[in-house]
2 protein chains.
Amino acid sequence: MSPGAGVGFLISQLGYVISGRFKDLLAPLGLEPRQFLVLRHVAQAQGSSQQALGKALRIPPSRMVSIVDSLERRGLVERRANPTDRRARALHLTPEGRRMLARTFKVAVEHERAICADLSPAEREMLVGMLRRLTLARQLVPGVHPALTSEEAAAS
Amino acid sequence: MSPGAGVGFLISQLGYVISGRFKDLLAPLGLEPRQFLVLRHVAQAQGSSQQALGKALRIPPSRMVSIVDSLERRGLVERRANPTDRRARALHLTPEGRRMLARTFKVAVEHERAICADLSPAEREMLVGMLRRLTLARQLVPGVHPALTSEEAAAS
DNA sequence: TATACATCGTTTCAGTATGTAACTATTCGC
DNA sequence: GCGAATAGTTACATACTGAAACGATGTATA
């Protein structure tokens, strides 16, 4: 079989373009994909420490610092004091952060719509089903894009 | 819709892992993905100059130098003199390069087999068909993985 | 033919992104 | 209390990348 025709190559090639396109869609909001990833997880687990978040997302502590820095500078996230541990910072979404997250979801929905524009709803569902079977077989963490996280810790 | 459930995210996530896996499969052969890309295209267009190849693959000239350097050092590719233009180098596959390419194709086939292990042949065909119909798929250069090439020149 | 300009391959360089290893402040186990 | 472990931060060393400069060669033009 000619390379470029297989499922593997197609998915890999498409994935690169799709994530690049999402990055472009996020750019007008002043958000990078990694910032979006962290913002979303802060919303899901308010009050988490930076390293707890970093562990879940496989982002090393030193990188988390600058990501949270940028989110805080933009007023989307707050570093509050943790009442029980003065070393840790409790991360919280600000109202502005919540609004931003809502905007990103709209972007994501539009992105998805554009990608699947040529597919019927039934086809789309079938596609999702097959892709999901492929992901399950590969032990991926749902909702966490490995390109934005660290290579290591895969052995854990 | 929750992020992580969409076609876009699934493909992007899968694509990253799949290309990473291919890189790992290539590693025992002492070949990196970009070297493989160039090697394959040298085979398809023997005698090309470096920049002609670079233009097709969207790899800037300065990068092409080190890629061809490494391929030549390993004895897979030759820089011959171009009889009609002494500036250009005519790239040719060596017999060893040809053997290497055959080995990489075996790797690619095995990779594809592993990916589609859970899919019936009919499903696999349907999957390929749908992937090809995704809107973003239309802008892709067949057989050229954009992650290995330059960002620019997209406007051309 | 002489001259200006374009092209090929190469080298140099500066910007960016990354993880590791120190470092301080704090907490926990004993 | 005292040593070890942990949270966040900073400093640093490394790798990757493309733009730009460069010499050699080719092409067009007068």
Side-chain angles (χ1 to χ4, degrees), chain A residues 16 19-20 23 27 31-38 41-42 45 47-73 77-92 145-156, chain B residues 16 19-20 23 27 32-35 37-38 41-42 45 47-73 77-92 145-156:
Chain A
Y16 185 82
S19 59
K23 179 180 172 183
L31 227 51
E32 297 184 5
R34 213 182 343 250
Q35 296 174 317
F36 168 63
L37 177 70
V38 171
H41 275 77
V42 167
S48 292
S49 72
Q50 293 185 189
Q51 292 194 20
L53 214 63
K55 196 176 173 188
L57 303 180
R58 293 187 174 169
I59 297 177
S62 62
R63 259 218 267 178
M64 192 60 86
V65 172
S66 63
I67 299 172
V68 175
D69 276 354
S70 62
L71 291 176
E72 194 174 37
R73 220 179 302 121
V77 154
E78 267 183 352
R79 281 192 248 236
R80 298 192 196 156
N82 184 323
T84 66
D85 187 343
R86 279 190 297 172
R87 293 171 304 178
R89 316 299 197 91
L91 298 179
H92 287 269
H145 198 302
L148 305 175
T149 66
S150 168
E151 310 293 317
E152 326 302 323
S156 67
Chain B
Y16 185 82
S19 59
K23 180 180 172 184
E32 297 184 5
R34 207 178 291 116
Q35 295 174 317
L37 177 71
V38 171
H41 275 77
V42 167
S48 293
S49 72
Q50 293 184 187
Q51 291 194 19
L53 214 64
K55 195 177 174 187
L57 303 181
R58 293 187 173 170
I59 296 178
S62 60
R63 258 217 268 180
M64 193 60 87
V65 172
S66 63
I67 298 172
V68 176
D69 276 354
S70 62
L71 290 176
E72 195 174 37
R73 220 179 301 124
V77 154
E78 266 182 353
R79 280 192 249 235
R80 299 191 195 155
N82 183 324
T84 65
D85 188 340
R86 281 188 296 172
R87 293 170 306 177
R89 316 296 197 93
L91 298 179
H92 287 269
H145 198 301
L148 305 175
T149 66
S150 167
E151 309 293 316
E152 324 302 323
S156 68

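All chains are named by letter (A, B, ...) in the order of the sequence lines, taking the proteins before the strands, and each is independently numbered beginning at 1. Computed over heavy atoms, backbone and side chain alike; hydrogens, waters and symmetry mates excluded.
Taking atom CG of residue A/Asp85 and atom P of nucleotide C/dT27, one finds them 6 Å apart after rounding to whole Å. Taking atom CG on A/Leu57 and atom P on C/dT18, their separation rounds to 14 Å, with Å as the unit. One can place NZ of A/Lys55 at 17 Å from C1' of D/dG8, the figure rounded to the nearest angstrom. Put simply, CD1 on B/Ile59 is 17 Å from C1' on D/dA19, counting in whole angstrom units. Atom C1' of nucleotide D/dT10 and atom CD1 of A/Ile67 are separated by 16 Å, given to the nearest angstrom. At whole-Å resolution of the value, CG in A/Asn82 and C1' in D/dA7 are 10 Å apart. Computed from coordinates, the A/Met64 CE to C/dT18 P distance equals 13 Å when rounded to whole Å. Computed from coordinates, the B/Arg63 CZ to C/dT11 C1' distance equals 16 Å when rounded to whole Å.
Considering only side-chain N and O atoms, B/Arg86 lies nowhere under 4.0 angstrom from the phosphate OP1 or OP2 of D/dA24. The phosphate of D/dT6 (OP1 or OP2) has no side-chain N or O of A/Arg89 nearer than 4.0 angstrom.
Annotation for A/Glu72: atom CD counts as buried by contact number, over 12 foreign heavy atoms lying within 6.0 Å.
Residue B/Pro61 places its side chain closer to C/dT10 than to any other of C/dT10, D/dT17, D/dA7.
The two atoms that bring B/Arg79 and B/Val65 nearest to each other are NH2-O, 4.0 Å, heavy atoms only. What you find for B/Ala81 and B/Ala90 is that their closest heavy atoms are O-CB, 4.4 Å. Taking each heavy atom of A/Ser70 and A/Gln35 in turn, the nearest pair found is OG-NE2, 2.8 Å.
In the interface, the side chain of A/Arg87 is paired with the base of D/dT6 through a donor and an acceptor atom under 3.5 Å apart.
Among the protein residues, B/Gln51 comes within range of the nucleic acid bases, having at least one heavy atom under 4.0 Å from a base atom. Residue-level contact check: A/Pro60 touches the backbone only, with heavy atoms under 4.0 Å from sugar-phosphate atoms and none from bases. Base contact: A/Ser62 has a heavy atom under 4.0 Å from a base atom.
Between A/Arg34 and B/Val65, it is B/Val65 whose nearest contact on DNA chain C lies nearer the 5' terminus.
Salt-bridge formation is detected for the pair A/Glu78/A/Arg80: a Lys NZ or Arg NE/NH1/NH2 atom is positioned less than 4.0 Å from an Asp or Glu carboxylate oxygen.
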